[in-house]
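These numbers were taken from a predicted model, which means no experiment stands behind them. Chain naming here is simple, since letters A, B, ... match the order of the sequence lines and numbering starts at 1 in each.
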Amino acid sequence: MSLRLYNTLTGTKEPFTPLEPGKVGMYVCGVTVYDYCHIGHARANIVFDIVYRYLKYSGYDVTYVRNYTDVDDKIIQRANERGINSTALSEEFIRAFDADMAALGLEKPTIEPKATEHIEDIIALVQKLIDAGKAYAVDGDVYFAVQSFDDYLKLSKRNLDDMQAGARIAPGEKKRNPMDFALWKAAKPEEPSWPSPWGEGRPGWHIECSAMSTRYLGESFDIHGGGKDLVFPHHENEIAQSEAASGKPFVKYWIHNGFVNVNQEKMSKSLGNFFTIRDILQQYDPEVVRFFILSAHYRSPIDFSDQNLKEARHGLTRFYEGLHAAAQVLAQCDIDTSVEANEGRELKERFQSAMDDDFNTAQAIGFLFDGVRNMNRLMSEKKFRKKKDKVAEVNALYHTLLELGGVVGIFGSEPEAWLERQKMAALADMDISAEEIEEKIAARLQARRDKDFARSDAIRDELEERGILLLDSAEGTSWKIK
RNA sequence: GGCCCCGUCGCCAAGUGGUAAGGCAGAGGUCUGCAAAACCUUUAUCACCAGUUCGAAUCUGGUCGGGGCCUCCA
C-alpha cells in the first residue's frame with residue numbers, strides 16, 4: 001500500500017502522488033518570533049517533523065522549507081515594549097526557537113528562510129500582482145483585491161458575501177473591499193522598513209510565505225502544512241496571491257494539524273493555561289512529549305494534562321524496559337541470521353500500513369506495542385536462549401522496533417541511560433537520596449544472607465512506603481520509583 | 001448568524017459498510033523466600049432517535065452534548 005493523506009483542499013484522503021516522481025517539496029509555516037514557543041508549536045513542529053521523516057523513510061527526496069516570520073506587528077510592538085529594536089528581538093527568539101526544537105529532537109528542515117532576507121522576492125511578487133490587476137496601491141499600502149480571484153475561499157470553503165457582511169475596514173486602512181488584505185504596509189515612524197516602488201514599508205503577513213515557498217520550491221509544489229488555525233486567512237490568502245500571480249495551482253496537498261488543549265480547555269494566555277516548551281521540558285523528557293503527541297492522530301485535538309503525560313511516560317518506559325531486556329539477552333545469545341524471522345517483517349508492514357494511512361501514528365504505536373509484547377513473550381519462554389528460531393525472532397523484533405521508532409523519532413536513547421535518567425529525575429522530587437537507598441539495600445542484603453526474611457521484608461516495606469520499589473535479580477538488587 | 005469538527009471500555013486512543021487495535025488503571029493466574037518486571041486470562045455493541053442496507057460505530061436525516069474557525073494564533 002502506498003501513502004494516502006488527508007487534503008484540506010478537497011476534504012478527502014487522497015493517494016499521494018508528487019508532482020515530480022520521487023521528489024517532494026514541502027513548506028510549513030513557521031513561527032513569528034516574538035515570544036517563547038508553547039506546546040501548540042511543539043505539536044505542529046513535531047507533526048511535520050514526522051511527516052518529513054516518514055516521507056524520507058518512504059524513499060522520497062524531500063525538500064523541507066520552514067520559515068521564520070521575523071517582521072510583523074507583534075514583533076514591533078514587543079520590541080517597543082522592551083525598548084530594543086525588532087531585529088534584536090527576532091534574533092533572540094530565533095535562537096530560542098532553534099534551541100527548543102533541538103531539545104525536542106526535531107530534524108532540521110532543508111531550508112529555514114527568514115522573511116527579512118527575501119524582501120526583494122516579496123516586492124517582485126507584489127509588483128507582479130499589481131501589474132496583473134490583482135492588487136492596488138493606496139498611499140503606500142498595497143492590497144490584494146479578493147474579488148479579482150475567483151477561487152478565493154476554496155480552501156476554507158466559505159462564502160465571500162457572508163464574510164463581507166460581517167467584515168469591517170479598520171481605521172487607517174484604505175481597502176476597496178473589506179475582505180481585501182495587505183500585501184505591503186506603508187512604514188510608520190520608528191518601524192523597520194525597506195524601500196519599495198510604493199515608498200518605505202514592510203511586507204504584509206501572508207506574502208512572505210508565497211514569496212519564500214516559490215523561491216525554494218517553485219510556483220507549484222506538493223505539500224503545504226501548518227496549524228488548523230492558519231487555514232483562514234493565512235493559507236487562503238497565500239493561495240490567492242500565488243495563484244493570481246502564477247496562473248498555476250499553488251499547492252497540491254494541504255495538511256493541517258489539530259490543536260492542543262490544556263485540561264480540556266483551549267490553551268490561551270487569557271486563561272493562564274499557557275505552557276512553553278521550556279516549562280514542559282523541565283518536567284518531562286523530550287521523548288515523552290513526542291510519544292504523547294504521537295499517541296493521537298495529528299488532526300484530532302489533543303489534551304495536554306499531567307495525567308496524560310504521565311501515561312505517555314509509562315508507555316515509553318514499557319518500550320525501553322523491553323528494549324533493555326532484549327539487548328541484554330541478545331548479547332548472551334548466538335544469533336543465527338540465516339534463520340528466517342517473520343515477526344519483524346510483519347511488524348514493519350503493519351507499521352507502514354498505519355503510517356501510509358494519513359500518518360496514523362496512534363495506530364502505528366499500537367502495532368509497536370504489539371511488537372514489544374511479542375518480543376517479551378518470546379524471551380519469557382523456557383530455555384529461550386537455546387531456541388535458535390526464537391532468538392532470531394527476538395533479534396529481528398529488536399532491530400525493527402529501533403528502526404521504526406527512529407522513523408517517528410523515539411527510542412533514540414540508550415535504554416539503560418534513559419531509564420536511569422527518568423529515575424533520577426523523579427527521585428529529585430522525593431525526600432530520599434540514592435545513597436540512603438543503597439544503604440538500605442546493603443542492610444537488606446545482609447538480612448537475606450542471614451535468612452532473616454522478616455527484617456528483609458521490613459526494609460522493603462519501609463522503602464515502598466517512601467515510594468521506592470526494590471527489584472531483586474540474579475545480578476543483585478536495584479530499585480525504581482514506585 | 002456562516003462554515004467545520006467531535007461524542008468508542010473507569011481514563012487515553014485507533015477503527016469511516018462486514019460484526020470493536022493498543023496503552024494506562026482494575027480482577028484472577030504463572031514466575032518470585034517476599035516483591036517488581038514480564039507473560040497468560042478477563043472487562044465495551046460504539047451519545048440518543050429514525051432511516052438506507054443482507055449487514056452500520058462506520059452512510060442519510062433529526063435530537064442532545066462538547067469544541068474550533070470567521071480579528072493575531074500551531
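Spacing between atom CG of A/D161 and atom C1' of B/C3 amounts to 14 Å, rounded to whole angstrom units. A/R78 places its CZ atom 17 Å from the P atom of B/C72, with the value rounded to the nearest Å. Between the CD atom of A/Q164 and the P atom of B/C3 there is a distance of 16 Å, rounded to whole Å. We find that CG of A/N257 is positioned 6 Å from C1' of B/A74, with the value rounded to whole Å. The distance between atom CD1 of A/I481 and atom P of B/A37, rounded to the nearest whole Å, is 14 Å. Between A/E236 atom CD and B/C3 atom C1' the separation is 12 Å, expressed in whole Å. Separating the CG atom of A/L230 from the P atom of B/G68 is a distance of 17 Å, rounded to the nearest angstrom. A straight line from NE2 of A/H206 to P of B/U71 spans 11 Å, rounded to a whole angstrom.
Using a 4.0 Å heavy-atom distance criterion, A/K480 is classed as a sugar-phosphate-only contact. Among the atoms of the strands shown, none is found under 4.0 Å from any heavy atom of A/V47. Within 4.0 Å of A/G258, counting heavy atoms only, lies at least one base atom of the nucleic acid. Residue-level contact check: A/R158 touches the bases, meaning some heavy atom is under 4.0 Å from a base atom. A/R444 comes within 4.0 angstrom of a base, heavy atoms only.
Comparing B/A38 with B/A25, their P atoms sit 9 Å apart, to the nearest whole Å. One C1' atom belongs to B/U41, the other to B/A74, and the distance between them is 44 Å to the nearest Å. Comparing B/A35 with B/C31, their C1' atoms sit 12 Å apart, to the nearest whole Å. B/G7 and B/C39 have their P atoms separated by 30 Å, with the value rounded to a whole Å. Between B/A21 and B/A14, the distance separating the two P atoms is 15 Å to the nearest Å. Look at the P atom in both B/U19 and B/A56: the space between them is 12 Å, to the nearest Å. B/U42 and B/A50 are spaced 36 Å apart, taking the C1' atom of each and rounding to whole Å. The same atom, C1', is picked in B/C48 and in B/A36; the two are 46 Å apart, to the nearest Å.
Side-chain atoms of A/H235 and A/H256 include a donor-acceptor pair closer than 3.5 Å.
One donor-acceptor pair, N or O on each side, does fall under 3.5 Å between the base of B/A35 and the side chain of A/R460. Judged by atom type and distance alone, A/D457 reaches the base of B/G33 through a side-chain donor-acceptor pair under 3.5 Å.
A salt bridge between A/E81 and A/R78 is present, with a side-chain N of the basic residue lying under 4.0 Å from a carboxylate O of the acidic one. A salt bridge links A/D472 with A/R460: the distance from a Lys NZ or Arg NE/NH1/NH2 to an Asp or Glu carboxylate oxygen falls below 4.0 Å. Between A/K348 and A/E343 there is no salt bridge, since no side-chain N of the basic residue sits under 4.0 Å from a carboxylate O of the acidic one.
A centroid separation of less than 6.0 Å is found between the aromatic rings of A/H206 and A/F181. Side-chain rings of A/F275 and A/H38 stay apart, their centers remaining 6.0 Å or farther from each other. With ring centers used as reference points, A/F93 lies under 6.0 Å from A/Y36.
At B/C39, one or more side-chain N or O atoms of A/N376 fall inside 4.0 Å of OP1 or OP2 (strictly under the cut-off).
For A/A44, the side-chain atoms get nearest to B/A74 when compared with the rest of B/A36, B/A37, B/A74. Of the candidates B/C39, B/G33, B/A74, B/G33 carries the atom nearest the A/S456 side chain, counting heavy atoms from C-beta on. When each of B/G33, B/C40, B/C72 is scored by its nearest atom to the side-chain atoms of A/R377, the top-ranked nucleotide is B/C40. In this structure, the nucleotide among B/C39, B/A74, B/A36 sitting nearest to the side chain of A/S380 is B/C39.
The aromatic rings of A/Y27 and A/H224 are tilted relative to each other, their planes meeting at an angle between 30° and 60°.
Annotation: ring pair (Phe, Tyr, Trp, His ring centres under 6.0 Å) contacts of A/F359 (sequence neighbours excluded): none. Checked against side chain to side chain donor-acceptor pair (under 3.5 Å), A/K157 has no partners two or more places apart in sequence or in another chain.
Between A/N45 and A/N261, the residue whose closest nucleotide on RNA chain B is further toward the 5' end is A/N261. Comparing A/D162 and A/G227 by the nucleotide of RNA chain B whose heavy atom lies nearest to each, the residue mapping closer to the 5' end is A/D162.
The partner of B/C9 cannot be assigned: no Watson-Crick or G-U wobble pair with both contacts below 3.5 Å exists in any strand. Searching all strands for a Watson-Crick or G-U wobble partner of B/C72 with both distances below 3.5 Å returns nothing. Applying the Watson-Crick and G-U wobble criteria (two distances, each under 3.5 Å), B/C31 pairs with nothing in any strand. Using N1 to N3 plus N6-O4 or O6-N4 for Watson-Crick, or N1-O2 and O6-N3 for G-U wobble, each under 3.5 Å, B/G26 pairs with B/U42. Pairing for B/A50 is with B/U60, a Watson-Crick or G-U wobble pair whose two hydrogen-bonding atom distances lie under 3.5 Å.
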Each nucleotide in nucleotides 10-28 of chain B should get exactly one letter: B, S or -. Can you fill that in based on protein heavy atoms under 4.0 Å?
-BSSSS-----BSBBS---
